[in-house]
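Quick caveat, the model's predicted, so the values are computed rather than measured. Order of listing sets the numbers, starting from 1, for every ligand and every atom in it.
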Amino acid sequence: MESESSSGADSATVPNGTNIVLVGFMGTGKSSVGREVARLLGYGFVDTDDLIVRNTGRKIPEIFETDGESGFRQLETGVLKDLSNAYRQVVSTGGGIVLSEENRNLVNRLGFVVWLTASEEETLRRVARSDDRPLINCDDPSARLQRLMKDRNPLYDGVADLSIDSTELSISEVAYGVVESARVYFAERSIG
Ligand code: S3P
């Protein structure tokens with residue numbers, strides 16, 4: 001699998017866990033923050049949604065429509081497996097990637113996991129203009145969002161090494177927090 005700036009490395013010579021994974025609800029800034037973190041650290045950047053679109057040649061709403069949510073989730077698992085030898089990558093994930101235990105294990109093995117959060121109001125504001133997110137493309141996005149957040153927050157919490165509330169922060173502020181915490185995390189484990 002190719003990433004934007006480097007590809008996976010030989011698993012025999014590279015320790016596991018050299019990557020930074022961003023998880024969290026849609027609209028929490030995972031992709032923008034991820035790109036900035038990758039830039040600051042000189043890491044590669046990959047986005048699991050982008051990889052799925054690239055691998056299948058189909059857009060996300062189309063995949064949901066033809067293969068259902070479960071079909072999309074299987075594609076997410078495939079992408080995470082493809083990334084299992086990734087080296088110094090920042091991996092931005094789709095908001096539902098934590099739903100399966102298999103995915104949560106795969107995410108944890110990749111490295112330092114950061115959960116980005118934002119308030120309900122701010123999340124709703126950020127995702128309001130998107131029609132690329134079939135799960136909240138409904139009559140009452142606010143109610144749907146509340147339910148999904150309630151179901152998923154414990155899963156994000158369980159998988160994350162750190163959480164950052166992005167509600168009142170700029171992309172660079174969040175990225176700075178991720179970078180500094182990742183340095184400590186990797187140094188403590190002699191990873192890098
Ligand atoms: C989803 C979030 C989306 C995308 C898909 C499903 C979810 O990604 O993977 O629409 O289940 O929350 P973002 O979190 O990048 O918007």
Ring pair (Phe, Tyr, Trp, His ring centres under 6.0 Å) involving Phe186 - partner list, sequence neighbours excluded: none
Contact check: Arg73 vs ligand 1, nitrogen or oxygen atoms, below 3.5 angstrom: yes
Protein residue, atom and distance nearest to atom 15 (O) of ligand 1, heavy-atom basis: Asp49 OD2, 3.2 Å
Heavy-atom nearest neighbour in the protein, as seen from atom 16 (O) of ligand 1, with distance rounded to 0.1 Å: Arg133 NE, 2.7 Å
Per-atom contacts, ligand 1 versus Met26 - under 4.0 Å to a heavy atom: 7 (C), 12 (O), 13 (P), 14 (O), 16 (O)
Heavy-atom donor-acceptor pair, Arg109 side chain to Ser84 backbone, under 3.5 Å: no
Ligand-residue contact atoms, ligand 1 with Leu135, heavy atoms, under 4.0 Å: 7 (C), 11 (O)
Where at least one partner belongs to residues 145-171, residue pairs that pass salt bridge (charged side-chain N to carboxylate O under 4.0 Å, His left out), sequence neighbours excluded: Arg147-Asp151
Main-chain N/O of Gln89 paired to Asn19 side chain as donor or acceptor, under 3.5 Å: yes
For atom 2 (C) of ligand 1, closest protein heavy-atom neighbour: Gly95 N, 3.4 Å
Step-by-step salt bridge (charged side-chain N to carboxylate O under 4.0 Å, His left out) determination, Glu180 to Arg183: CA-CA 5 Å; Glu180 290 309 309; Arg183 286 206 170 108; 3.0 Å; yes
Nearest atoms (heavy-atom pairs only) where Thr167 meets Ser119: OG1-N, 3.0 Å
Protein heavy atom at shortest distance from atom 6 (C) of ligand 1: Phe64 CZ, 3.9 Å
For Pro134, atoms of ligand 1 separated by under 4.0 Å from a heavy atom: 10 (O)
Shortest non-hydrogen contact from Arg88 toward Tyr43: O-CB, 3.2 Å
Ligand 1 contact by Arg152, heavy-atom criterion under 4.0 angstrom: yes
Phe25 N/O to ligand 1 N/O under 3.5 Å: no
Under 4.0 Å to a heavy atom of Ile60 - the qualifying atoms of ligand 1, by number: 5 (C), 10 (O)
Heavy-atom nearest neighbour in the protein, as seen from atom 14 (O) of ligand 1, with distance rounded to 0.1 Å: Lys30 NZ, 2.5 Å
Carboxylate-amine/guanidinium proximity below 4.0 Å for Arg73 and Glu76: yes
